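Below is one structure, written out as structure tokens; comments come after it.
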Amino acid sequence: MSRRMPAWVPKQHGAWAMLVVPYLAGLLVRVHDGAGVPAFAYPLFGFWLAGYFAFNAASTWLKAAPARRGRLGRPLLVCAAVSAAFGLVTLWLAGWTVLAWVPVYACLLVPALWLASRRRERATIGGLLTTAAASLLVLVVGWTSPLGLPWGSPLVTDAAACAALVFGYFGGTVLYVKSNIRERGNARFARVSVGWHVAWLAIAALGWASGWASAWWAAFFAVTVARAWAVPRRRPGLRPMQLGLIEIALCVVLLVALGAVGV
């Protein structure tokens, strides 16, 4: 069914880690810091997953020829309805202030949908926008409004640092995967990918030196720099499945380290 109706099931299997890891990271930060998990965080996950399916269906609908849009409407409506149901439960538990996150996400996802309407959904900027939206979930799972974040508290500092570093990792995967598949052999793009990872290694090291990030983040990004440099140069190149397994392993390491050590 997914082959005939791609709007039902996202074809970008690498997106699953991007959907799940930031959510779990946000919960782990709160648990490690001794904070409870708010009740609204549980239906929020359903809203987030169904919302991504709806986003995928909307992207597929937008880039489809007008003659094909009719049969693509059903996945969009079904996924949007399921997302709305979870969203209403989230709203009921969190209160109206949670709607303050809507304009923040609109700034990230509306441009991504516009790119899809122009058949440029695989553009690098589109990938960075969606990874930014996903990484922000580290904060969303704990606070009902961006306007009510108690900046300066250790918990918010940890969550914000985690959100930024998670974005550094997932934003890097956008470039890294492209350097191995669609942009394989493009030396300039490979340098951009390595440069991104080196920059985030420097940020992680600065965070360690400044006390707002643990040493394991620097070690983690050092590994990502090595794989961003070495893997695209490998002959023959790795298959998508092999690339995915490496990223799954890195995601597991990230979550285990967060749970054991914290940010």
Side-chain angles (χ1 to χ4, degrees), residues 10 12 14-33 35-56 58-59 79 82-91 93-95 97-113 126-151 153 155-174 200 213 217 247-248 250-252 254-259 262-263:
Q12 300 299 320
W16 291 105
M18 184 186 70
L19 291 170
V20 175
V21 171
Y23 175 82
L24 294 179
L27 298 186
L28 287 171
V29 169
R30 294 186 66 83
V31 171
H32 187 273
D33 284 17
V37 177
F40 76 87
Y42 299 108
L44 175 68
F45 187 58
F47 170 71
W48 173 247
L49 285 181
Y52 176 72
F53 274 64
F55 177 85
N56 172 75
S59 299
C79 294
V82 174
S83 179
F86 278 109
L88 288 174
V89 177
T90 305
L91 180 63
L93 293 173
T97 56
V98 76
L99 295 177
W101 285 110
V102 172
V104 178
Y105 272 83
C107 291
L108 297 171
L109 297 181
V110 169
L113 285 173
L128 294 177
L129 287 169
T130 52
T131 54
S135 302
L136 195 59
L137 203 64
V138 176
L139 285 166
V140 180
V141 298
W143 289 273
T144 59
S145 170
L147 303 176
L149 287 171
W151 293 108
S153 70
L155 181 56
V156 173
T157 300
D158 283 349
C162 183
L165 292 166
V166 166
F167 170 69
Y169 167 62
F170 280 110
T173 63
V174 172
W200 280 96
W217 278 108
E247 299 314 302
I248 289 173
L250 286 172
C251 288
V252 170
L254 189 157
L255 291 174
V256 169
L258 270 179
V263 182

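All figures in this text were calculated on a predicted structure; none of them were measured in a lab.
The OG1 atom of Thr90 lies 13.0 Å from the OH atom of Tyr42; values are rounded to the nearest 0.5 Å. Atoms CG and CG, on Leu88 and Leu93 in that order, are 11.0 Å from each other to the nearest 0.5 Å. How far OG of Ser145 is from CH2 of Trp143: 12.5 Å, rounded to the nearest 0.5 Å. Note that CG of Leu113 is 11.5 Å distant from CG of Leu108, once rounded to the nearest 0.5 Å. Rounding to the nearest 0.5 Å gives a distance of 6.0 Å between OH of Tyr52 and CG of Leu19.
Between Val138 and Ala25 the shortest heavy-atom distance is CG2-CB, 4.3 Å. The two residues Ala160 and Trp151 make their nearest non-hydrogen contact at CB-CZ3, 3.9 Å. The minimum heavy-atom distance linking Leu27 with Val141 is given by the pair N-CG2, 4.1 Å. The two residues Val263 and Cys162 come nearest to each other via the heavy atoms CG2-CB, 3.8 Å. Closest approach of Ala213 to Leu165, counting heavy atoms only: CB-CD1, 4.2 Å. Residues Cys251 and Ala17 approach most closely at SG-CB, 3.9 Å, considering heavy atoms.
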Exercise. With side-chain contact (heavy atoms from CB on, under 4.5 Å) as the test, would you mind laying out the steps for Leu137 and Tyr105 before giving the verdict?
Key: CA-CA 10 Å; Leu137 203 64; Tyr105 272 83; 4.1 Å; yes
Quiz item: Would Leu136 and Phe167 satisfy side-chain contact (heavy atoms from CB on, under 4.5 Å), going step by step from the backbone distance to the final call?
Solution: CA-CA 8 Å; Leu136 195 59; Phe167 170 69; over 6 Å; no
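For the ring-ring contact (aromatic ring centres under 6.0 Å, His included) test, no residue two or more places apart in sequence or in another chain qualifies with Phe40. In this structure, the ring-ring contact (aromatic ring centres under 6.0 Å, His included) partners of Phe45, at least two apart in sequence or on a different chain, are Tyr23. Phe55 meets the ring-ring contact (aromatic ring centres under 6.0 Å, His included) test with no other residue; sequence neighbours excluded. With sequence neighbours left out, the side-chain contact (heavy atoms from CB on, under 4.5 Å) criterion links Pro103 to no other residue. In this structure Leu24 satisfies the side-chain contact (heavy atoms from CB on, under 4.5 Å) test together with Val20, Leu255, sequence neighbours excluded. Among residues two or more places apart in sequence or in another chain, the side-chain hydrogen bond (donor to acceptor under 3.5 Å, both in side chains) test is passed with Thr97 by Thr144. Contacts of Ala35 classified as side-chain contact (heavy atoms from CB on, under 4.5 Å), with partners at least two apart in sequence or in another chain: Arg30, Leu155. Residues passing the side-chain contact (heavy atoms from CB on, under 4.5 Å) test with Thr173, sequence neighbours excluded: Tyr169, Phe170, Arg227, Glu247.
Counting only residues at least two apart or in different chains, side-chain hydrogen bond (donor to acceptor under 3.5 Å, both in side chains) contacts with residues 129-139 are absent.
Here the rule is ring-ring contact (aromatic ring centres under 6.0 Å, His included) with Phe53, and of Phe47, Phe86, Trp16 only Trp16 fits it.
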